[in-house]
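First the structure, in the form of structure tokens, and then the observations on it.
Because the structure is predicted, anything quoted here is derived from the model rather than measured. In what follows, chains are A, B, ... by sequence order, proteins preceding strands, each numbered from 1.
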Number of protein chains: 2
Amino acid sequence: MYHYEYERPALATDCVIFGFDGAELKLLLLQREKAPFRDTWALPGGFVYMHETTEAAAKRILLEKAGIRNVFIEQLYTFSEIDRDPRERIVSVAYFALVSTTQFRLIAGRDTIQAGWHPISALPQLGFDHRNIVSLAVDRLRGKVRYQPVGFELLDEKFTLSQLQALYEAILQNPVDKRNFRKKLLGMGLLKQLDEKEQNVPRKAAFYYSFDKKAYKELTKKGFHFEL
Amino acid sequence: MYHYEYERPALATDCVIFGFDGAELKLLLLQREKAPFRDTWALPGGFVYMHETTEAAAKRILLEKAGIRNVFIEQLYTFSEIDRDPRERIVSVAYFALVSTTQFRLIAGRDTIQAGWHPISALPQLGFDHRNIVSLAVDRLRGKVRYQPVGFELLDEKFTLSQLQALYEAILQNPVDKRNFRKKLLGMGLLKQLDEKEQNVPRKAAFYYSFDKKAYKELTKKGFHFEL
DNA sequence: TCATCAAAGTGTATTTTTCACACTAAAATT
DNA sequence: AATTTTAGTGTGAAAAATACACTTTGATGA
């Protein structure tokens, strides 16, 4: 019958969690309480149990280690370099998640000194091969955001067009023309204008919008392709 | 110190190998000699050894099971459904490869009855969750081919513009205007026209071209983005 | 050798999309 | 009442995408 090697790599998952605070794209990192890489920042991660899929493991870790649940999550890449973990051979299936920073109060779970948001433009040193993982995740997000309406996952349920524009500018790292941006986005028919405006802002108050998932599904069925 | 579950999933890899015969997009499948799924067609696959990365394992399997070496290969996705293999828990890191069908004489490796190219429009029943894997690979190829010059990997070193066009039509499943296609492709400056034409064809002979990898790298550095 | 067949190769006009650009309106603050 | 700050809005020019048809060439076979 079948033969396989007696020894097996351990299987783990690491999560790249993106957030947006209105100005900058941020990453959720944990400061490690234990060796290896004690005191160093790293991605939330952990082993995949025998009875769960890698995606279930990633979701569990999001919750256990950062108190985050019910967010956009997608598989990123599987990292399998032999020495990526100094303890033993660990293959890691990395996921990335998109979160509204305002939506969760961060918790520091087991074995972590603190949890914190770090701007991707100024990350601390990271343990393991997490710099590589992050770098791939950022590339992927930059690519994805242009042809899939995932940016909304980083904002609150309701948002102004200016917030949305600031988000795209932060991710794509280049300025966007206000009028052209609004024309294109509104033209797609994916945004519902709400009967509600900003409150108590020292300027003209902007209307809130929300992303119309139903309309998106309908349009997609008809062959519509989102593209920024 | 660290604790992990005593039992670990086995780690394997499966390879989706695309080929193109001038008219249709094809998939390399192996007919299994042993249970489970005896006599059924399936993707070439195998376990990942303790001392090799998943990519190295995929390349080894390409060679051992199909006699294919030195081709374009890229990680596709990691499949981890609990029951995807009836024997035991096996997590599989899937890869996809692009091959010129004329370049290799297929071999049937250990435990396989035969190896064969199957048009993606008429695949046989597949074992395990390989139908899912293939389906994701096809989607990925369709997406990728539009914004990365990977199509060339499916053709011989030298090819005619008509062959290239036929390839894109086969992958994208829609007809392309000859003049516009040539205008765009040649305009990119990625194709070198060779001093050589087709021989013994019962019609006007077409020039051969080759993909200019060096030019592509140069252009990419300057911010060029391939897009069909 | 002449006619036939099949695909190679080539340019222009139209439509669509993208891009650049500047002022008035509204809400809070002083 | 004046100031500050961002919201909201349209047009014209440039670039890109699309639609479209005939002549050339090489082998085949009558």
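When atom types are taken as modelled, the side chain of A:Glu198 and the backbone of A:Ala206 share a donor-acceptor pair closer than 3.5 angstrom. For the pair A:Ser80 (side chain) and B:Thr54 (backbone), a donor-acceptor distance under 3.5 Å is present. With hydrogens and angles ignored, the 3.5 Å screen pairs a side-chain donor or acceptor of B:Glu169 with a backbone N or O of B:Val176. Formation of a donor-acceptor pair under 3.5 Å by the B:Thr101 side chain with backbone atoms of B:Phe20 is found in this model. Using modelled atom types, no side-chain atom of A:Tyr77 and backbone atom of A:Ile133 make a donor-acceptor pair closer than 3.5 Å. With hydrogens and angles disregarded, a donor-acceptor distance shorter than 3.5 Å links the side chain of A:Gln163 to the backbone of A:Thr160.
Rounded to whole Å, the distance from NZ on B:Lys184 to C1' on D:dA16 is 8 Å. When rounded to the nearest whole Å, the span between CZ of A:Phe181 and P of D:dT9 equals 15 Å. For the pair A:Lys204 NZ and D:dT3 C1', the interatomic distance rounds to 17 Å; values are reported in whole Å. Going from atom CD of A:Gln163 over to atom C1' of D:dT6 covers 12 Å, rounded to whole Å.
At a threshold of 4.0 angstrom between heavy atoms, the contacts of B:Thr160 with the nucleic acid are absent.
Side-chain to base pairing of A:Lys183 with D:dT11: one donor and one acceptor N or O lie within less than 3.5 Å of each other. One cannot find a donor-acceptor pair under 3.5 Å joining the base of D:dA7 and the side-chain atoms of A:Arg182.
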Side-chain donor/acceptor pairs under 3.5 Å, residues 183-195 of chain B, sequence neighbours excluded:
unit_1	atom_1	unit_2	atom_2	d
B:Lys183	NZ	B:Asn180	OD1	3.3

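Within a heavy-atom distance below 4.0 Å of DNA chain C, the residues of residues 165-178 of chain B found are B:Lys178.
Taking the side chain of A:Asn180 as heavy atoms from C-beta on, and the options D:dG8, D:dG10, D:dA17, the nearest nucleotide is D:dG10.
Close approach of DNA chain C to chain B, defined as any atom under 4.0 Å from a non-hydrogen atom of the protein, starts and stops at C:dA6 to C:dT12.
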Strictly under 3.5 Å: I want the nitrogen or oxygen pairs between protein and nucleotides 27-30 of chain D, one per line.
unit_1	atom_1	unit_2	atom_2	d
D:dA27	O4'	B:Val201	O	3.4

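Here A:Lys158 pairs with A:Glu196 under the salt bridge (Lys or Arg N to Asp or Glu O under 4.0 Å) rule; sequence neighbours left out. Looking at residues two or more places apart in sequence or on another chain, you find a salt bridge (Lys or Arg N to Asp or Glu O under 4.0 Å) between A:Lys221 and A:Glu218.
For A:Phe152 and A:Phe159, the ring centers sit closer than 6.0 Å to each other. Between A:Phe226 and A:Tyr216, a ring centre-to-centre spacing not shorter than 6.0 Å is recorded.
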